[in-house]
Amino acid sequence: MNNAQIAAKFEMLADLLEFQGANSFRIRAYRNAARTIESLSQQISDILNDTSQKLTDFEGIGKDLAEKCQVLVETGKLPQLEDLQKKIPPSVLAMLRIPGLGPKKAAVIYKELGISTLEGLREACQDEKIRALKGFGAKTEQTILSGIDLAATADQRVYWAKADKLVQRLREHLESAKGIEKLTFAGSYRRGKETVGDIDILTVAESSNEAMDRLGEFPDLEEVIARGDTKMSIRLASNMQVDLRVVPAKSYGAAMQYFTGSKEHNVKVRGIAKQRGLKINEYGVFRVNDDGSETYVAGETEEDVYAALDLPCFPPELRENRDEFKLVETGLPKLITVEDIVGDMHMHTDATDGLNTLEEMIEAGIAKGYQYIAITDHSKRVSMANGLNAERLLEQWKTIDKLRNKYDGKIQILKGLECDILEQGGMDLPDEVLEQGDWIIASVHYGQGQPKQQITDRIVGALENPNVCIIAHPTGRLINRREPYEVDLDAVFQCAKENKKFVELNANPARLDLNDVYCHAAKGQGIPIGINSDGHKIEGLDVIRYGIMQARRAGLTKEDVVNTRSWDDIRKLLGRV
DNA sequence: GCCGTTTTCGGCCCGACTGTTTTCAGTCG
């Protein structure tokens, strides 16, 4: 049983306990543990087998949950969870996804009416049975009814890149309103998470009514969910929820801090404030006086808010309560920026499945101001993409030789290849061909469903090939679409380290592979990470910034990344000079 | 259920909005 599966069991247990009305802190403990487990770069099973480590060393995992992890790893089951599932049909949990219907109300519906499915709930609403329950009314019944269809799609999160397009439109729309003095998009969008579930907007405005009216005029609006004096929530036709908060200028920084999150980061910050006799909320930092009154200490800027707690202003990407508070002692890392990138080392041309010619891609690289690019078309196994055989590849490299004269002094053009790692293991093209290139990427495209050992052996084998420089998209995951393959990344990292090889952070917004947790782990091992576009057309080169966002979440600095260096320095890293 | 430089017990973040209430519980973020 892997970490994701263990975390899912704990989440399920938390859901069921919540439904039962259990102690809320106990429920939180399960959820915290699930989060911790999901962000571990090592498998729980490996930690259990390693006598030098204890599960209880990890935050949020105590004696009890460590034992439950062990039971899950050994048996794949959790007796406590199975007992609960016997009492509560899993289908009732679907009710919790209906906006406005939480565990308390759902429990009443289940207990009083015996309803356990969304269909049963729909019928009860239509028969006006829900409004008869204590604490319910006609309005609640209507909310539930119209929320049932939403429940199916409610927790769909969109790629950050897609959220960004929406944010730009919202920004333009709101900025044209009169009296909006400040405007920030907070939440997971600001933290640069790979996916975004809703949009949080924060403003300082002369009139909150005008700001809200303006949001109400947004063309994609489907419904206004709530609107009060300072807060408004709307749902767009795409089902995306947008929340707007209007705050006073002296609270703007505090509100930014508060609404940027993450929730877990803020819980920690609040705890630190409390230890110091301070209170922090979206309006500011306050000193709690002996008589119970409160004095405003800070709140105008985020820097002020953190400074009031003797904390540095954490970059939003680090605010996950992973290890950012521990980093304070040694100083926060200076996170990488788009400007640090001096080359792109993974792209395709129309020789295979790209849309633009070799020269067009080179010109695009020059337009980006890069020192170098690597042309890395597919190898022959990827027949669907018209992959290159030895003859066509060598022909392309000859052309590059000629183009190097033409573009001398403007950009370095590396002879590269994205060479397929074959299903049975081994590289798609022979070593005597590969060794004539500058930059060989190895990647898996076929046999993604193979067992862990087999697929790991293939990747490790590729890294041991002296011609290979880097593993592209090492887990193969596609966000929201395809799970990662069952690769043992510990073994991959170990091998990369021993052989002075690199791993890729593929910047395509659907891949972002490696993810933040594994990039952080690779950095910890001292393995350089290449952030590449995998562009299949000129505009495809623009995705680098999504990769940078992910890299920042992993705490990467310029020094951790391959293509912030000159090509000569990269060759040194590879031990080739 | 977790955690500890006041603590091994008694805390565990906190405010806005809605609906159903006559002062508050539930939900959400």
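Below, chain A is the first sequence line, B the second, and so on; all start at residue 1.
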Rounded distance in Å between the C1' positions of B:dC17 and B:dC9 = 36 Å
key: Opposite nucleotide pairing with B:dC24, Watson-Crick or G-U, both atom distances under 3.5 Å   = B:dG19
request  = Remember a base hit wins even if backbone is also touched, and classify A:L133 as base, sugar-phosphate or nothing at under 4.0 Å, heavy atoms.
outcome  = nothing
ask   = If you look at every strand shown and take non-hydrogen atoms under 4.0 Å, does A:T143 touch a base, only sugar-phosphate, or nothing?
value = nothing
query = With a 4.0 Å cut-off on heavy atoms, is A:K279 in touch with a base, just the backbone sugar-phosphate, or nothing at all?
reply = sugar-phosphate
message = Rounding to an integer number of angstrom, what distance separates B:dT7 and B:dG11 when you compare their C1' atoms?
response = 9 Å
ask   = Base, sugar-phosphate alone, or nothing: which one does A:K268 contact when heavy atoms must sit under 4.0 Å apart?
value = nothing
ask   = With sugar-phosphate meaning primed atoms plus P, OP1 and OP2, does A:L101 contact a base, only sugar-phosphate, or nothing at under 4.0 Å between heavy atoms?
value = sugar-phosphate
task = Compute the centroid of each ring, for A:Y283 and then for A:Y258, and state whether the two points are separated by less than 6.0 Å.
result = no
task = Identify whether the distance between the nearest side-chain nitrogen and carboxylate oxygen of A:D64 and A:R26 falls below 4.0 Å.
result = no
request  = With C1' as the reference atom in both, quote the distance from B:dT22 to B:dT18 in angstrom, rounded to an integer.
outcome  = 16 Å
request  = Could you tell me whether A:R245 and A:E282 have a side-chain N and a carboxylate O separated by less than 4.0 Å?
outcome  = yes
key: Earlier contact from the 5' end, DNA chain B, for A:Q80 and A:F25   = A:Q80
task = Check every strand shown and say whether A:A138 touches a base, only sugar-phosphate, or nothing at a heavy-atom separation below 4.0 Å.
result = sugar-phosphate
ask   = If we take the C1' atom in both B:dT6 and B:dC14, what is their distance in whole Å?
value = 25 Å
request  = Assign A:R227 to base, sugar-phosphate, or nothing according to its heavy-atom contacts below 4.0 angstrom with the strands shown.
outcome  = sugar-phosphate
request  = Would you kindly check if the NZ (Lys) or CZ (Arg) of A:K68 is within the cone defined by 45 degrees around the ring axis of A:F10 and under 6.0 Å from the six-membered ring centre?
outcome  = no
inquiry  = Taking only the P atom of each, what is the distance from B:dC13 to B:dC3 in whole angstrom?
reply    = 14 Å
query = Contact boundaries of DNA chain B with chain A (under 4.0 Å, heavy atoms), 5' to 3'?
reply = B:dG1 to B:dG29
message = Distance check, C1' atoms only: B:dT8 and B:dC2, in whole angstrom units.
response = 12 Å
task = Please measure how far the P atom in B:dG26 lies from the corresponding atom in B:dT21, and state the result in whole Å.
result = 13 Å
task = On DNA chain B, check which nucleotide each of A:G137 and A:I98 is closest to and give me the residue with the more 5' one.
result = A:G137
query = Heavy atoms under 4.0 Å, any strand shown: does A:F136 hit a base, just sugar-phosphate, or nothing?
reply = sugar-phosphate
task = Could you tell me whether A:D229 contacts a base, only the sugar-phosphate backbone, or nothing, with contacts defined as non-hydrogen atoms closer than 4.0 Å?
result = sugar-phosphate
key: Mutual orientation of the aromatic rings belonging to A:W160 and A:Y189 [parallel < 30°, tilted 30-60°, perpendicular > 60°]   = parallel
Among A:R482, A:R477, A:E194, side-chain contact (heavy atoms from CB on, under 4.5 Å) partner for A:R511 = A:R482
task = In plain terms, say whether A:R31 and A:E11 are close enough for a salt bridge, that is, a side-chain N and a carboxylate O under 4.0 Å apart.
result = yes
ask   = Of all heavy-atom pairs between A:K193 and A:R157, which one has the smallest distance, and what is that distance?
value = CD-NH2, 4.4 Å
